[in-house]
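Step one of this worksheet: look at the structure below.
All values below come from the heavy atoms of this structure, side chains included, with hydrogens, waters and symmetry mates left out.
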Protein chains: 2
Amino acid sequence: MAQPRKSTQANRRRGGPRPGVPGPDDQARGHHRTRQAHLVEVAEDYVETIADLLEVQGEARAVDLARRFGVSHVTVTKTVSRLQEAGLVTSRPYRAIFLTPAGRRLAAKCRHRHRVVVELLRKLGVREGTARLDAEGIEHHISSETLAAFERFAGRPAAPENTAR
Amino acid sequence: MAQPRKSTQANRRRGGPRPGVPGPDDQARGHHRTRQAHLVEVAEDYVETIADLLEVQGEARAVDLARRFGVSHVTVTKTVSRLQEAGLVTSRPYRAIFLTPAGRRLAAKCRHRHRVVVELLRKLGVREGTARLDAEGIEHHISSETLAAFERFAGRPAAPENTAR
DNA sequence: TATATAATTTAGCCTGTGCTACACTCGGAC
DNA sequence: GTCCGAGTGTAGCACAGGCTAAATTATATA
């Protein structure tokens, strides 16, 4: 009932064999996004979508966002009020939702990043629809360094066969 | 106090001008990951890390996972018990955590995907450390089609100038 | 003007993921 | 054989982000 235990626990305690493990700390830094960063993702998705709606139909309503995100309007309302506290959007009772300057800045940044990701995927041969879908998930996890790399690649003559541009 | 409203609501009701909007439904499909898929992400992160630990030190303990993820052991315990219910891991009180066959399969898949993403980023000129960090976020959001595209690119003579391979 | 309908708000519930504090086991060392 | 400390478990809290149901408001139209 206590087979594979002995050695390892002692090892850990004495700082035993930890060959090529990434190391507890920098791994933690990477994964620490798990919770905190999720809030950022949500914020980014919202401001991006709100910006879209504002552009297309002049205003963004909770019900529009709910349809876009596939959630109930109640969920949207709660999230929007959090974003309002964060200073990204403005909303008054029974009125549409608009972006603050900070919200507009964030939206612009997200949009650009989103476009870059889509273009990269397209250049790699991913179909339009899939590219858009995947980009929505990927875009939130791209550092500025990676974004720059994507821009370099996407903004180029591209791969041999896709010379069509 | 009610300027930009009149027209738009009427428009929406009558199915008015919705120029190039992605359309409520397919957008929703894309964003619907927001909640449900987060569970998948967590599961993937856990099995991947557990697989790592098993390989390196023969067993995975809650405290190791907690250190890796930068969370408390309590959080790990709760998540692990959920994963156990999902049939991905096994764990007995005061004992180490192991993977079920399903967990091993998932871990293998994630690992491969992770490696592909890192390689792609490297080929695009992203530094090793950044590539690993970004890959952790990106890997959960790439479809099989995109994965295939990444593999094609990462496993090829690469771009014109990088003909070194 | 009155009313019907769509949108919004509010209240209340659930689950996931995080925490601290405290109790308990297990294994190794004395 | 006991005891100490690291690792685990449990209780209880907070908050994000889902939901339904019921009440309220705004707008367009009859």
Side-chain angles (χ1 to χ4, degrees), chain A residues 1-16 24 28 31-43 45-46 53 57 59-86 91-97, chain B residues 1-16 24 28 31-43 45-46 53 57 59-86 91-97:
Chain A
M1 268 229 183
Q3 317 85 15
R5 194 66 190 295
K6 281 177 182 162
S7 51
T8 34
Q9 173 153 342
N11 284 340
R12 264 204 312 288
R13 205 171 284 158
R14 305 189 196 115
H31 277 296
H32 195 249
R33 300 153 305 144
T34 310
R35 180 141 192 92
Q36 178 91 11
H38 193 239
L39 307 183
V40 175
E41 282 178 49
V42 171
D45 278 339
Y46 270 73
L53 290 168
Q57 49 184 49
E59 63 172 14
R61 317 282 316 196
V63 71
D64 299 320
L65 290 169
R67 271 195 284 261
R68 289 278 200 113
F69 293 132
V71 300
S72 79
H73 69 278
V74 182
T75 300
V76 169
T77 301
K78 278 211 269 185
T79 304
V80 165
S81 70
R82 248 174 268 131
L83 296 182
Q84 187 167 22
E85 277 167 27
S91 77
R92 299 195 335 275
Y94 296 97
R95 291 267 113 81
I97 298 153
Chain B
M1 268 224 184
Q3 315 87 13
R5 191 67 191 296
K6 282 176 181 159
S7 51
T8 34
Q9 173 151 344
N11 285 339
R12 263 203 313 288
R13 205 170 285 158
R14 305 188 195 116
H31 277 296
H32 195 248
R33 301 153 305 141
T34 310
R35 179 137 193 95
Q36 179 91 10
H38 193 240
L39 306 184
V40 176
E41 282 178 49
V42 170
D45 278 340
Y46 270 71
L53 290 168
Q57 48 184 49
E59 63 173 13
R61 318 279 320 192
V63 71
D64 299 320
L65 291 168
R67 271 195 284 262
R68 288 278 200 113
F69 293 132
V71 301
S72 77
H73 75 278
V74 182
T75 301
V76 168
T77 301
K78 278 210 269 187
T79 304
V80 165
S81 70
R82 246 174 273 126
L83 296 182
Q84 186 166 23
E85 277 167 28
S91 76
R92 300 195 334 275
Y94 295 99
R95 292 266 111 80
I97 298 153

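We find that CZ of B:Arg67 is positioned 11 Å from P of D:dA6, with the value rounded to whole Å. Separating the CD atom of B:Glu59 from the P atom of C:dG27 is a distance of 11 Å, rounded to the nearest angstrom. B:Arg61 has its CZ atom 11 Å from the C1' atom of C:dT25, to the nearest Å. For the pair B:Glu41 CD and D:dG17 P, the interatomic distance rounds to 13 Å; values are reported in whole Å. Distance A:Leu65 CG to C:dT8 P: 9 Å, rounded to the nearest Å. Atoms CD1 (A:Ile97) and C1' (C:dT8) sit 10 Å apart, rounded to a whole Å. B:Tyr94 places its OH atom 12 Å from the P atom of C:dG27, with the value rounded to the nearest Å. Rounded to an integer number of Å, the gap from CG of B:Leu39 to P of C:dG18 is 11 Å.
Applying the side-chain hydrogen bond (donor to acceptor under 3.5 Å, both in side chains) rule to A:Thr75 yields the partners A:Ser72; only residues at least two apart in sequence or on another chain are considered. For the side-chain contact (heavy atoms from CB on, under 4.5 Å) test, no residue two or more places apart in sequence or in another chain qualifies with B:Ser81. The side-chain hydrogen bond (donor to acceptor under 3.5 Å, both in side chains) test applied to B:Thr79 returns no partner, not counting sequence neighbours. A search for side-chain hydrogen bond (donor to acceptor under 3.5 Å, both in side chains) contacts involving B:Ser91 returns B:Gln84, not counting sequence neighbours.
Counting only heavy atoms from C-beta on, B:Arg95 has its side chain closest to C:dG27 among C:dG27, C:dG16, D:dT8.
Within residues 72-81 of chain B, the residues having any heavy atom under 4.0 Å from DNA chain D are, by residue number, B:His73, B:Val74, B:Thr77.
Residues B:Arg82 and B:Leu39 have side chains not in contact (no heavy-atom distance under 4.5 Å, counting atoms from C-beta outward).
Of the two residues near DNA chain D, A:Pro93 and B:Pro93, the one whose nearest nucleotide lies more 5' is B:Pro93.
Taking each heavy atom of A:Ala62 and A:Ile97 in turn, the nearest pair found is N-CD1, 3.9 Å.
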